Amino acid sequence: MDIFMKMTVLRKLPIGIQDFESLRTDKYLYVDKTEQIHRLITTGRYYFLSRPRRFGKSLLMSTIHALFSGKKELFEGLAIASKPDITWEMHPVLHLDLNTQKYDCPEALDNILEEFITRQEAIYGNNPAEQGLGLRFQGVIRRACEKTGKRVVILVDEYDKPMLQAIGNPQLQDEYRAVLKGFYGALKSMDGCIKFALLTGVTKFGKVSVFSDLNNLEDISMDERYADICGITEKELLTNFDAHIESLAEKNDMPKEKAITRLREQYDGYHFHWNCEGVYNPFSLLNCLKQREFKDYWFETGTPTYLVELLQKRNYDLEEMSRVKADADELNSIDSASSNPIPVIYQSGYLTIKDYDPEFGTYTLGFPNGEVEKGFTKFLMPNYIHREENRTPFLVNNFVTDVRSGNTDQFVKRLRSLFADTPYEIIRDMETHYRNVVWLLFKLMGFYTQAEYHTSEGRIDLVVKTPKFCYVLEFKLDGTAEEALEQISEKNYTLPFAIEDQQVIRIGINFDSKTRNIDKAIVG
């Protein structure tokens, strides 16, 4: 009864609410981002912001829309309300949202842009001499400025949705790129009529792409000043959600500090600048506080299949994701013709900045938090094992039981059965494929797992620890299991674990490229 009474007085959480006016009118809790918005609109004109999905980009756009619509009453009590340089003048706002359409043919993009232009022409007039979407957009901007006497505000939400959905179709991407280049070119040609412009998306397509002619956009995606313009900092969490945290802790029978630690491990850790505070995923955080359960909410909304396609096309070694290095140019631009999956994975939010080397300008990337690491691994697994009936949870449970009990014979049998269902045509590099499957399996099992563990004598393919056992595994392709086991001994791979409490178990495994399976495994 006490918990129920507490819940009835908690502020309403804006889960799924992307409209600022309705959020404020219906008195939902709003984390004040207007200080950053004030800096944005008073220090520049043209911006681009990349953030992962479900990170609050649409709410940010809606807030700016309300601001330039002169709706001062909605901002009462917020930071921007006291700024003397905000005049609250009403400007014409052209707000295009590309997030609602499925882009699987050229007409899909044409239709949504046509509908947008037609709607604006009904307000500001049209000119039959203007042919093509780009020229019509320019005409709308010019007439909106002339008709109202105020310069125009342009907001484009999820500008890259068509490009992302066509990432595996070069021809369709080329068609979308040509349309969008002409359309967005209006921002540069109509500069004198524009007050402010912001484009948001998940990714930034570079080189010969939609931004090649739009060189007046200021990219703030990795700008320290705007690192927390979307997302929730820990200070904002503790300031705005204290009562919700107490309710969460009580429901889960844990101290409040432990609940905060759990929230941090599960949903914090996104860094959009190397020297900034980490931010929480707002969608997951708000859902957790409302439902009072620690779950993987972000992944329940779906993960794009193009990420898996990129990883498999590149034949990427998945273990590298936990320590990959890249420079700013690589992270900030996606070339649709490139086979490098890292920029897309980073900008999509599955990797984040963990460290930075200023001397060489290189970033070390890693999973931001427990939700992403577990969810991404769980999502990848079915795409790599290719079983006729892919029952990943049941499969993992069996492996967990075998490994915890030290039943290595049964573990190897299950591993052999796993590879027996792998069709030949999906393997481009067998050694990498085998290592990826084994790494995914142990990662999903929740044990300490480190592939290619570095020692002074070499590197171990895989180390797995449980409370009772420490497994040291070495793999060979078209060699022998005896050679694999002998390498463990010769290189003293077990030495780093000799002083620990677990029993060390050595396993040598050989994969046969002809049978596409485990040829032999020896336990020593």
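Since the model is a prediction, treat every value here as computed from it, not as a measurement. Hydrogens, waters and symmetry mates are skipped; everything else that's a heavy atom, side chains included, is used.
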Using a cut-off of 6.0 Å, state whether more than 12 heavy atoms not belonging to Lys354 lie near its atom NZ.
yes
Run Glu236 and Lys33 through salt bridge (charged side-chain N to carboxylate O under 4.0 Å, His left out) and show every step you take.
CA-CA 10 Å; Glu236 290 170 336; Lys33 298 293 184 179; 2.9 Å; yes
Could you go step by step and tell me if Glu371 and Asn281 meet the side chain to side chain donor-acceptor pair (under 3.5 Å) rule?
CA-CA 10 Å; Glu371 179 189 26; Asn281 180 322; 4.6 Å; no
Thr352 side chain to His271 backbone, donor-acceptor under 3.5 Å:
yes
Assess the side chains of Gln266 and Asp296: does a donor N or O sit below 3.5 Å from an acceptor N or O?
yes
Taking side chain as C-beta onward, heavy atoms only, is Val93 less than 4.5 Å from Ile64?
no
Is any side-chain heavy atom of Leu113 less than 4.5 Å from a side-chain heavy atom of Phe183?
yes
Could you grab the distance from atom CG of Asn287 to atom CG of Leu13, nearest 0.5 Å is fine?
9.0 Å
Where Leu440 and Met381 come nearest, the two heavy atoms and their spacing:
CB-SD, 3.6 Å
Supply the atom-to-atom distance Leu318 CG to Tyr316 OH, rounded to the nearest 0.5 angstrom.
8.5 Å
Looking at side-chain heavy atoms only, is the closest gap between Leu60 and Ile37 below 4.5 Å?
yes
Contact between Asp327 and Tyr363 at the side-chain level, heavy atoms closer than 4.5 Å - yes or no?
no
Does the pair Lys325 and Thr364 meet the rule for a side chain to side chain donor-acceptor pair (under 3.5 Å), with working shown?
CA-CA 5 Å; Lys325 294 183 182 296; Thr364 300; 2.8 Å; yes
Taking everything shown except Lys72 itself, do over 12 heavy atoms lie less than 6.0 Å from its NZ?
no
Can you tell me if Gln131 uses its side chain to pair, donor with acceptor, with the backbone of Pro128 under 3.5 Å?
yes
Indicate whether the side chain of Asp85 and that of His38 have a donor and an acceptor atom separated by less than 3.5 Å.
yes
Counterpart residues, side chain to side chain contact (heavy atoms under 4.5 Å, CB included), relative to Asp157 (two or more places apart):
Lys57, Ser58, Met61, His95, Asp97, Thr200
If you define the side chain from C-beta out and look only at heavy atoms, does anything of Leu444 sit under 4.5 Å from Lys378?
yes
Measure from NZ or CZ of Arg45 to the centre of the six-membered ring of Phe196, then state whether that distance is under 6.0 Å and the direction lies within 45° of the axis.
no
Any side-chain heavy-atom pair of Asn369 and Arg264 under 4.5 Å
no
Assess whether salt bridge (charged side-chain N to carboxylate O under 4.0 Å, His left out) is satisfied between Glu218 and Arg225, documenting all intermediate values.
CA-CA 13 Å; Glu218 180 181 349; Arg225 297 170 299 170; 3.5 Å; yes
Heavy-atom nearest pair, Pro52 first then Gly349, reads CG-CA, 3.5 Å
Going by the angle between their ring planes, with limits at 30° and 60°, are Phe116 and Phe137 parallel, tilted or perpendicular?
perpendicular
Does Lys83 form a salt bridge (charged side-chain N to carboxylate O under 4.0 Å, His left out) with Glu35? I'd like the steps, not just the answer.
CA-CA 9 Å; Lys83 303 295 183 181; Glu35 186 70 49; 2.9 Å; yes
Which heavy-atom pair separates Cys193 from Ile141 by the least distance, and what is that distance?
CB-CG2, 3.9 Å
Tyr46 and Asp191 side chains, donor-acceptor separation under 3.5 Å:
yes
Please step through side-chain contact (heavy atoms from CB on, under 4.5 Å) for the pair Asp223 and Phe272, ending with a clear verdict.
CA-CA 8 Å; Asp223 190 321; Phe272 301 109; over 6 Å; no
Give me the ring orientation class for Tyr176 and Tyr103: parallel if the planes are under 30° apart, tilted from 30 to 60°, perpendicular past 60°.
perpendicular
Can a donor-acceptor pair be found between the side chains of Ser62 and Gln18 at a distance below 3.5 Å?
no
What class does the angle between the rings of Trp298 and Tyr350 fall in, given that below 30° is parallel, 30 to 60° is tilted and above 60° is perpendicular?
tilted
When rounded to the nearest 0.5 angstrom, what is the spacing between OG1 in Thr239 and CG in Asp32?
11.5 Å
Please identify which of these residues, Leu96, Leu187, Leu198, meets the side-chain contact (heavy atoms from CB on, under 4.5 Å) condition with Ile154.
Leu187
Is it true that Arg142 and Glu121 make a salt bridge, defined as a side-chain N closer than 4.0 Å to a carboxylate O?
no
Scanning both residues in full, the closest heavy-atom pair of Gly231 with Pro282 reads CA-CD, 3.9 Å
Rounded to the nearest 0.5 Å, what's the gap from SG on Cys105 to CG on Asn169? Could you check?
11.0 Å
Partner of Leu67 under side-chain contact (heavy atoms from CB on, under 4.5 Å), picked from Thr34, Leu74, Ile41, is Ile41
Under the side-chain contact (heavy atoms from CB on, under 4.5 Å) rule, what do Met321 and Ile345 come out as? Steps first, then yes or no, please.
CA-CA 9 Å; Met321 285 193 299; Ile345 296 173; 4.3 Å; yes
With the threshold set at 4.0 Å, does a side-chain nitrogen-carboxylate oxygen contact exist between Lys443 and Glu319?
no
Arg51 side chain near Leu49 side chain, heavy-atom distance below 4.5 Å
yes
With no hydrogens and no angle check, just 3.5 Å: does a side-chain donor-acceptor pair link Gln165 and Asp104?
no
Check whether the side chains of Glu234 and Tyr280 place a donor and an acceptor atom closer than 3.5 Å, and report yes or no.
yes
Mark yes or no: Arg11 above the aromatic ring of Tyr28, with NZ or CZ under 6.0 Å from the six-membered ring centre and no more than 45 degrees from the axis.
no
Between Glu114 and Arg136, does any side-chain N to carboxylate O distance fall below 4.0 Å?
yes
If every non-hydrogen atom of Ser22 is compared with every non-hydrogen atom of Ile17, which pair is closest and at what distance?
OG-CG2, 3.9 Å
Under a 4.0 Å threshold between the charged nitrogen and the carboxylate oxygen, would Glu130 count as salt-bridged to Arg143?
yes
Would a 4.5 Å heavy-atom cut-off, applied to side chains only, mark Phe68 and Met90 as touching?
no
Identify the heavy atoms of Phe367 and Val372 that sit nearest to each other, and give their distance.
CD2-CG1, 4.1 Å
Glu115/Arg119 salt bridge by N-O under 4.0 Å criterion
yes
Pairing residues for Tyr30 by the ring pair (Phe, Tyr, Trp, His ring centres under 6.0 Å) criterion, not counting sequence neighbours
Phe20
